[in-house]
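Note sheet for the following structure.
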Amino acid sequence: MPSGQQPPSREGPRVNEDIRVPQVRLIDQDGEMIGVMSTRDAMQRAYSVGLDLLEISPNAVPPVCKITDYGKYKYEAAKKANEARKKQKTVEIKEIKVRPNIDDHDYETKMKQMKGFIEDGDKVKVTLRFRGREMAHQELGAKVLERIRTELVEVVKVESMPRLENRQMIMVLAPK
């Protein structure tokens with residue numbers, strides 16, 4: 001990159017007088033390639049049609065500029081950014097709590113909930129809580145978590161295998 005030429009420092013592309021390079025490659029308002037010319041001539045062309053000179057590709061040699069309405073350009077860019085933000089999906093971690101001696105009907109309900117969360121693209125943290133003397137039978141808890149894992153094996157990958165933390169076993173499942 002020649003000295004004296006640097007990419008834009010503020011937000012967005014450089015416009016009109018902010019373009020401080022001797023020559024630019026110009027594209028007119030209709031998208032036609034005009035060619036390389038002095039920045040001053042390009043700016044005068046833009047002003048003659050009542051529009052702005054907008055730097056599109058600052059790192060090219062010489063920089064590519066286009067004759068366009070800067071206000072309209074900013075509006076379109078903001079609109080695109082909003083659309084991208086709307087389409088973005090945030091992955092949440094949903095927690096399901098189970099017990100080592102869970103009843104069949106309760107188990108089915110929890111499984112239905114987990115399947116729903118996974119289909120929505122969320123991660124599921126399965127917390128199995130031990131109370132009192134249940135700590136002596138941790139294998140029962142491990143069996144429950146293993147049963148959950150085997151039933152959901154087609155739709156999930158295990159992000160963290162069951163591990164014991166204090167009085168609970170925790171397993172994290174993520175959609176495939």
Side-chain angles (χ1 to χ4, degrees), residues 1-97 109-127 148-149 151-163 165 168 170-176:
M1 195 177 270
S3 64
Q5 177 184 355
Q6 65 233 93
S9 56
R10 63 187 178 86
E11 288 295 309
R14 292 186 284 199
V15 187
N16 299 335
E17 285 79 26
D18 292 341
I19 302 170
R20 291 194 178 90
V21 288
Q23 289 190 319
V24 295
R25 185 175 305 274
L26 184 68
I27 299 172
D28 72 2
Q29 63 273 22
D30 302 322
E32 294 292 316
M33 174 66 76
I34 304 296
V36 179
M37 60 171 48
S38 78
T39 306
R40 191 179 315 117
D41 291 347
M43 229 175 288
Q44 289 191 322
R45 275 190 174 206
Y47 291 152
S48 70
V49 291
L51 295 171
D52 302 301
L53 187 66
L54 181 75
E55 190 175 48
I56 293 176
S57 178
N59 298 332
V61 180
V64 179
C65 293
K66 185 175 183 179
I67 296 175
T68 185
D69 181 1
Y70 184 57
K72 186 177 177 185
Y73 170 82
K74 277 195 341 191
Y75 171 74
E76 293 292 330
K79 207 168 154 183
K80 271 186 199 163
N82 266 345
E83 282 299 313
R85 215 177 358 263
K86 273 183 200 167
K87 289 186 174 104
Q88 208 172 41
K89 169 79 172 98
T90 56
V91 175
E92 290 183 46
I93 297 184
K94 304 287 189 174
E95 187 174 15
I96 296 283
K97 293 182 178 178
T109 305
K110 300 278 185 184
M111 285 302 290
K112 208 176 288 177
Q113 280 182 318
M114 279 187 258
K115 285 176 184 164
F117 293 149
I118 295 292
E119 284 167 12
D120 292 345
D122 294 324
K123 292 181 180 180
V124 176
K125 177 180 176 183
V126 184
T127 305
I148 291 171
R149 194 170 68 91
E151 281 189 36
L152 294 174
V153 76
E154 300 93 41
V155 289
V156 300
K157 61 180 187 276
V158 178
E159 202 164 88
S160 73
M161 290 303 279
R163 65 182 189 279
E165 283 181 17
Q168 51 193 15
I170 297 168
M171 175 172 69
V172 180
L173 306 170
K176 276 191 179 170

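With hydrogens and angles ignored, the 3.5 Å screen pairs no side-chain donor or acceptor of Lys66 with any backbone N or O of Gly31.
Listed here is the closest heavy atom pair of Val153 and Lys176: O-NZ, 3.1 Å. Of all non-hydrogen atoms in Pro58 and Ile56, the two that sit nearest each other are CD-O, 3.5 Å. In terms of heavy atoms, Tyr70 sits closest to Asp52 at N-OD2, 3.0 Å.
Atom NZ of residue Lys157 and atom NZ of residue Lys123 lie 7.5 Å apart, to the nearest 0.5 angstrom. Glu32 CD to Leu26 CG: the interatomic distance, rounded to the nearest 0.5 Å, is 11.5 Å. For the atom pair Met33 CE and Arg25 CZ, the distance stands at 5.5 Å (nearest 0.5 Å). Going from atom CD1 of Ile96 over to atom CG of Leu173 covers 10.0 Å, rounded to the nearest 0.5 Å. Lys97 contributes atom NZ, which lies 10.0 Å from atom CD1 of Ile170 (distance to the nearest 0.5 angstrom). Remark: Arg45 CZ to Met37 CE distance equals 4.0 Å, nearest 0.5 Å.
With salt bridges taken as basic N to acidic carboxylate O contacts below 4.0 Å, none links Lys80 and Glu83.
With contacts defined as side-chain heavy-atom distances shorter than 4.5 Å, the pair Met111/Leu152 qualifies. Side chains of Leu51 and Thr68 form no contact here, defined as non-hydrogen atoms less than 4.5 Å apart. At least one side-chain heavy atom of Ile148 sits less than 4.5 Å from a side-chain heavy atom of Met171. Taking 4.5 Å as the limit, every side-chain heavy atom of Met114 sits out of range of all side-chain heavy atoms of Lys94. Two residues are said to be in side-chain contact when any heavy atoms from C-beta on lie closer than 4.5 Å; Asn82 and Arg85 meet this criterion.
With sequence neighbours left out, the side chain to side chain contact (heavy atoms under 4.5 Å, CB included) criterion links Arg40 to Ser38. Shown here are the side chain to side chain contact (heavy atoms under 4.5 Å, CB included) partners of Ile19, two or more places apart in sequence or in another chain: Arg14, Val21, Val24, Thr39, Leu53, Glu55, Cys65.
Side-chain atoms of Thr127 and Glu95 form a donor-acceptor pair, as typed in the model, at a separation below 3.5 Å.
Atom OH of Tyr75 is surrounded by 12 or fewer heavy atoms from other residues, nucleotides or ligands within 6.0 Å.
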